[in-house]
2 protein chains.
Amino acid sequence: MGKEEKTRLGEQELELLRFVTDRAPVTARDAVAEFGQSKGLARTTVLTMLERLRKKGFLLREDENPPAKYRPAQAKSEVIQGMIADFVERTLGGSPVPFVAYLVQSKSIKAEEAEQLRALLNELEREDAD
Amino acid sequence: MGKEEKTRLGEQELELLRFVTDRAPVTARDAVAEFGQSKGLARTTVLTMLERLRKKGFLLREDENPPAKYRPAQAKSEVIQGMIADFVERTLGGSPVPFVAYLVQSKSIKAEEAEQLRALLNELEREDAD
DNA sequence: ATAGAGTGACTACTGCTGTAGACAAATTGC
DNA sequence: GCAATTTGTCTACAGCAGTAGTCACTCTAT
């Protein structure tokens with residue numbers, strides 16, 4: 001995720017990126033009508049953000065025929081994982097422990113996720129034993 | 001964390017806040033000498049950021065006698081958990097699933113971290129059993 | 001042919017973040 | 001007493017994020 005390492009996304013840009021990632025492919029009009037309207041943003045505000053995201057490399061635009069269609073430059077999961085990696089590195093100093101502590105204390109981890117984490121830890125234990 | 005809901009912190013501000021949170025109480029001179037120098041920042045840059053963080057309510061300053069000492073307005077864990085909560089809400093739409101997926105895929109957990117994670121999961125298990 | 005609708009580019013503004021010099025006042029060392 | 005050092009405030013700039021109006025062009029409906 002080279003581009004993201006060079007630029008930062010603002011709050012609103014992030015949410016627009018997620019919107020497009022969830023709904024791709026999206027026309028500007030779609031984004032204006034749904035994303036923009038739900039946030040009370042002017043048409044040109046949404047257009048500007050789409051263009052900035054495209055210029056930053058987070059969105060791609062297919063515009064052989066109007067209306068142009070936008071989609072994320074990376075698969076949805078990559079977009080999200082890049083953001084998480086970024087957050088963990090910049091805010092938590094690289095350690096995921098405080099994040100898990102938060103999830104445990106806020107009781108937002110469900111049994112399935114806890115199970116996945118246990119499986120991961122077991123696998124790491126096996127690898128360390130090798 | 002009412003203040004943080006009103007303002008956002010930039011990257012550098014965040015790291016300075018973490019530095020002060022880790023080392024409290026900290027004089028401006030400490031911050032300039034350690035934080036600033038490690039990042040190649042001018043003295044007045046660090047001073048400005050300290051003052052902005054104080055004005056935003058993230059730092060408190062005891063200045064009955066020079067040199068003033070800075071400390072976080074909230075306990076370290078609260079600062080961190082507030083940021084995580086913020087991130088989960090804004091970037092992950094409230095769901096911990098993408099973070100768990102990130103942990104599973106990143107394979108970057110250190111042994112010490114794995115141990116701490118195990119303890120957290122054990123705690124979760126105990127709570128679920130109650 | 002023309003009005004209306006849709007589209008995308010251009011432009012511009014505010015406040016914030018990151019950055020840092022200049023300055024005055026207080027303190028310290030000689 | 002004075003120079004040097006330390007401290008904190010004031011000020012200012014560039015670039016970015018968020019915001020949005022205007023305009024020209026294309027397409028559509030009449």
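Protein chains get the first letters and strands the later ones, always in sequence-line order, with residue 1 at the start of each.
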- prompt: Does A/L41 offer a backbone N or O that forms a donor-acceptor pair with the side chain of A/T45 under 3.5 Å?
  reply: no
message: Rounded to whole Å, please give me the gap between CG in A/L59 and P in C/dG8.
response: 14 Å
field: Any donor-acceptor pair under 3.5 Å from A/S38 side chain to A/F35 backbone
entry: yes
field: side-chain N/O B/K55 vs C/dC16 OP1/OP2, d < 4.0 Å
entry: no
task: Starting at atom NZ of B/K69, determine the distance to atom C1' of D/dT6, rounded to an integer number of angstrom.
output: 14 Å
- line: Between CD of A/E62 and P of C/dG8 the distance, given in whole Å, is 12 Å
statement: Whether each nucleotide of nucleotides 18-26 of chain C has a protein heavy atom under 4.0 Å at its base (B), only at its sugar-phosphate (S) or at neither (-) is summarised, 5' to 3', as BBBBB----
- prompt: Should the pair A/R54-A/E51 be classified as a salt bridge under the 4.0 Å nitrogen-to-oxygen rule?
  reply: yes
task: Show the numbers, then the answer: is there a side chain to side chain contact (heavy atoms under 4.5 Å, CB included) between A/L50 and A/V20?
output: CA-CA 9 Å; A/L50 284 175; A/V20 174; 4.1 Å; yes
message: Looking at A/R18 and A/E15, is any side-chain nitrogen of the basic one under 4.0 Å from a carboxylate oxygen of the acidic one?
response: no
message: Strictly distance-based, threshold 3.5 Å: is any side-chain N or O of B/D30 a donor or acceptor partner for the main-chain N or O of B/T27?
response: yes
- line: Sorted by number, residues from residues 17-31 of chain B placing a heavy atom under 4.0 Å from DNA chain C are none
- prompt: Reckon B/R54 touches a base, only the sugar-phosphate, or nothing at all at heavy-atom distances under 4.0 Å?
  reply: nothing
task: Indicate whether OP1 or OP2 belonging to D/dG18 is found under 4.0 Å from a side-chain N or O atom of A/K39.
output: no
- request: Could you tell me which residues satisfy salt bridge (Lys or Arg N to Asp or Glu O under 4.0 Å) with A/R23, sequence neighbours excluded, listed by chain and number?
  value: A/E34
message: Using modelled atom types and a 3.5 Å cut-off, is there a donor and acceptor pairing between side-chain atoms of A/T48 and backbone atoms of A/T44?
response: yes
task: Please report, rounded to the nearest Å, how far the P atom of D/dA20 is from the CZ atom of A/F35.
output: 12 Å
